[in-house]
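So the structure is just underneath, and the comments pick up after that.
Only heavy atoms go into these numbers, but all of them, side chains included; no hydrogens, no water, no symmetry mates.
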Amino acid sequence: MTTSGTWSDGDRYECYVGRWSRPVARRFVAELPVPPGRRWLDVGCGTGALTAALLEVAAPAAVLGLDASPAFVRHATAHVRDDRAAFRTGDAQALPVADAGVDAVVSGLVLNFLSDQPGAVAEMRRAAVPGGLVAAYVWDYAGGMQLIHRFWDAAVQLDPAARALDEGVRFPVCAPDRLRRLWAATGLTEVDTGEVVVPTLFAGLDDLWAPFLGGTGPAPAYVAALGDRARAALRELLRDRLPTRPDGSIPLSARAWTVRGRVPWAAR
Ligand SMILES: C[S@@+](CC[C@H](N)C(=O)[O-])C[C@H]1O[C@@H](n2cnc3c(N)ncnc32)[C@H](O)[C@@H]1O
């Protein structure tokens with residue numbers, strides 16, 4: 001199973017991205033055309049943001065959340081207390097579920113981290129019933145996920161070598177045309193892409209910066225590897241560049257690109 005060693009602390013993930021992935025998940029689920037009472041699979045469930053949104057919004061019969069990180073699976077199990085939800089470790093590229101085992105398969109903020117993206121989407125298709133929904137979203141790292149985009153812009157200004165780590169550069173799949181092609185190439189039909197944009201308001205620079213010190217996720221892992229002076233310089237450059245209101249708050253926004261399609265009714 002391929003997973004990044006950065007996905008190991010659920011509380012730190014919640015402070016960094018989890019607090020923004022939750023509103024994105026709710027908006028994403030609200031637009032999915034799946035009736036109540038269905039069985040769902042959440043691929044790369046992490047700490048359970050998307051599973052929680054399904055339980056709140058989609059009235060599912062059951063949700064199975066799978067993630068490669070045992071620590072995140074433990075975190076989700078401890079925090080999402082609902083008889084309809086279950087969490088297990090599992091690889092997105094070899095899903096431990098039966099063919100046509102669920103009615104809908106979703107995945108939030110995961111696809112770009114996988115080494116075999118076509119294989120992962122094929123697995124999502126295999127797991128869903130004929131006519132079932134296969135849907136996902138990823139951050140717009142190259143622009144609209146402003147927190148991470150601005151972080152890497154500042155990091156690259158101070159250290160051009162950081163460009164190789166910039167998620168906006170590393171993850172070309174995070175664009176609507178690429179997602180659409182991936183879904184279509186997997187034989188999914190009625191393919192559609194869209195966006196979800198949520199405000200990400202920080203109380204001040206400390207509120208924005210502290211999660212980068214947690215080491216969970218690619219940008220925090222980069223910060224963790226810096227020396228004290230380089231880390232302080234990056235914080236100061238960010239301070240200079242961020243839009244800051246008179247009360248010190250920093251209003252940014254986060255965009256996720258969404259994609260969905262259906263398993264054809266004809267022979268699989
Ligand atoms: C950015 S987090 C997203 C978590 C959650 N879906 C959310 O929206 O908050 C990416 C997740 O992908 C998981 N992951 C990475 N590679 C994986 C793989 N091969 N199979 C399953 N999960 C994987 C990580 O463990 C992590 O939980």
Trace of the side chain to side chain contact (heavy atoms under 4.5 Å, CB included) decision for L242 with L205: CA-CA 9 Å; L242 289 166; L205 188 66; 3.9 Å; yes
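- Between the CZ atom of R178 and the CZ atom of R181 there is a distance of 5.5 Å, given to the nearest 0.5 Å.
- Side chains of L182 and V259 form no contact here, defined as non-hydrogen atoms less than 4.5 Å apart.
- Put simply, SG on C45 and CG on L54 are 11.0 Å apart, with the number rounded to the nearest 0.5 Å.
- Residues R170 and E167 are not paired through a salt bridge, judged by the lack of any N-O separation under 4.0 Å between the basic side chain and the carboxylate.
- Counting only heavy atoms from C-beta outward, the side chains of T47 and F87 never approach each other to under 4.5 Å.
- Here CZ of R12 is found 9.5 Å from CG of L213. Values are rounded to the nearest 0.5 Å.
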Under 3.5 Å, which donor-acceptor pairs link side chains of residues 248-256 to any protein atom two or more places apart or in another chain?
residue, atom, partner, partner atom, Å
S249, OG, D247, OD1, 2.7
R255, NE, D140, OD2, 3.0
R255, NH1, E195, OE1, 3.3
R255, NH2, D140, OD2, 2.8

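- What you find for A135 and M124 is that their closest heavy atoms are O-CE, 3.8 Å.
- Residues V121 and L188 have side chains in contact (heavy-atom distance under 4.5 Å, counting atoms from C-beta outward).
- Here the shortest heavy-atom pairing between A136 and W183 reads CB-CH2, 3.7 Å.
- Judged by distance alone, with hydrogens and angles left aside, the side-chain atoms of R38 form a donor-acceptor pair with the main-chain N or O of P36 at under 3.5 Å.
- At distances below 3.5 Å, not a single donor-acceptor pair connects side-chain atoms of R262 with backbone N or O atoms of E190.
- Residue R163 qualifies as open at atom CZ: its count of foreign heavy atoms under 6.0 Å is 12 or below.
- Listed for the T258 side chain is a donor-acceptor partner under 3.5 Å among the backbone atoms of G194.
- Note: Y137 OH to S21 OG = 6.0 Å, rounded to the nearest 0.5 Å.
- In terms of heavy atoms, T193 sits closest to R180 at OG1-NH2, 3.3 Å.
- A donor-acceptor contact shorter than 3.5 Å is absent between the side chain of R39 and the backbone of A61.
- No chain of hydrophobic side-chain contacts below 4.5 Å, direct or via other Ile, Leu, Val, Met, Phe, Trp or Tyr residues, connects F113 to V169.
- Put simply, the side chain of D67 gets close to the backbone of G46: a donor and an acceptor are under 3.5 Å apart.
- With a 4.5 Å cut-off on side-chain heavy atoms, P118 and T186 do not count as touching.
- Comment: R235 engages D206 in a salt bridge, judged by a side-chain N to carboxylate O separation of less than 4.0 angstrom.
- W139 and W257 make their closest contact through O-CD1, 4.5 Å (heavy atoms, listed as atom of the first residue, atom of the second, distance).
- Cluster annotation: V156 is not connected to M145 through the hydrophobic network of ILVMFWY side chains, with a link wherever side-chain heavy atoms come within less than 4.5 Å.
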task: Would you check, one step at a time, whether the test side chain to side chain contact (heavy atoms under 4.5 Å, CB included) holds for V223 with R231?
output: CA-CA 6 Å; V223 173; R231 192 178 306 127; 3.7 Å; yes
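- At a threshold of 4.5 Å between non-hydrogen side-chain atoms, the residues L66 and L95 count as touching.
- A distance below 6.0 Å separates the ring centres of Y222 and W152.
- Taken to the nearest 0.5 Å, the CZ atom of R260 stands 8.5 Å off from the CZ atom of F28.
- Of all non-hydrogen atoms in G44 and V110, the two that sit nearest each other are O-CG2, 3.3 Å.
- The pair R150-D153 does not meet the salt-bridge criterion, since no charged nitrogen lies less than 4.0 angstrom from a carboxylate oxygen.
- Heavy-atom minimum distance, L109 versus V17: CD1-CG1, 4.3 Å.
- Atom OG1 of residue T51 and atom CD of residue E56 lie 11.0 Å apart, to the nearest 0.5 angstrom.
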field: Evaluation steps, side chain to side chain contact (heavy atoms under 4.5 Å, CB included), between H75 and S69
entry: CA-CA 10 Å; H75 191 284; S69 163; over 6 Å; no
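- Partner V106 forms a side chain to side chain contact (heavy atoms under 4.5 Å, CB included) with one of V43, L41, V29, L32 and no other, that one being L32.
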message: Show, in sequence, the C-alpha distance, side-chain angles and deciding distance for V105 and L133, and conclude whether the side chain to side chain contact (heavy atoms under 4.5 Å, CB included) test is met.
response: CA-CA 6 Å; V105 183; L133 188 82; over 6 Å; no
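- With a 4.5 Å cut-off on side-chain heavy atoms, L237 and L158 count as touching.
- Note: F212 and F151 have parallel aromatic rings, judged against thresholds of 30 and 60 degrees for the angle between ring planes.
- Side chain of Q93 to backbone of S115: a donor-acceptor contact under 3.5 angstrom is found.
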